[in-house]
Amino acid sequence: MKYLKYTPYLYLIIGAVFLYDGFSKWNDAKADPKVSLFIGFLAVFMFFFRRRFAKKLEERNSKS
């Protein structure tokens, strides 16, 4: 279960890739960057959410 410690960073990497894709499509008239930006921001949010949840879970397990 040690790999679960590193999985939130996967969200951060995926978020960075989609944000880069969204910003590179920003000035292209034919491309729609909204979906890429949404997925990118969602992945970054999931990184912070999962990290906070893991800390709460670790604190709860250390108390008992």
Side-chain angles (χ1 to χ4, degrees):
M1 294 299 269
K2 201 164 185 98
Y3 65 91
L4 291 176
K5 189 184 256 186
Y6 302 108
T7 54
Y9 295 105
L10 185 63
Y11 285 114
L12 195 60
I13 293 169
I14 291 170
V17 169
F18 275 100
L19 287 174
Y20 174 77
D21 183 50
F23 285 123
S24 66
K25 290 180 181 178
W26 190 264
N27 289 328
D28 191 7
K30 294 180 182 178
D32 189 23
K34 294 175 191 172
V35 175
S36 294
L37 291 175
F38 176 73
I39 293 173
F41 285 123
L42 184 66
V44 171
F45 168 76
M46 284 298 295
F47 165 73
F48 288 111
F49 179 79
R50 293 276 308 249
R51 194 172 67 165
R52 182 173 172 234
F53 184 75
K55 284 181 183 179
K56 281 185 177 182
L57 189 65
E58 185 177 315
E59 288 175 5
R60 186 176 65 174
N61 287 339
S62 67
K63 287 182 182 179
S64 56

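In this chain, numbering begins with 1 at the start of the sequence shown. This one's a predicted model, so the numbers in the text were calculated from it and none came from an experiment.
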Got a second to check how far Phe23's CZ is from Ser36's OG, nearest 0.5 Å?
11.0 Å
Pairs flagged by salt bridge (Lys or Arg N to Asp or Glu O under 4.0 Å) wherever residues 16-28 is involved - sequence neighbours left out:
Asp21-Lys25
Roughly how far, to the nearest 0.5 Å, is CZ of Arg50 from CG of Leu12?
13.0 Å
Under 4.5 Å between side-chain heavy atoms, counting indirect links through other Ile/Leu/Val/Met/Phe/Trp/Tyr residues: same cluster for Phe48 and Phe41 or not?
yes
Heavy-atom pair with the smallest gap, counting every atom of Pro33 and Gly22
CB-O, 3.3 Å
The test is side chain to side chain contact (heavy atoms under 4.5 Å, CB included); show your working for Tyr11 and Leu42 and say whether it passes.
CA-CA 9 Å; Tyr11 285 114; Leu42 184 66; over 6 Å; no
Co-membership, hydrophobic cluster, residues Phe53 and Ile14, 4.5 Å side-chain
no
Is Trp26 reachable from Val44 through a run of hydrophobic residues whose side-chain heavy atoms are each under 4.5 Å from the next?
yes
To the nearest 0.5 Å, what is the distance between CE (Met46) and OG1 (Thr7)?
9.5 Å
Val35 with Phe18, same ILVMFWY side-chain cluster at under 4.5 Å
yes
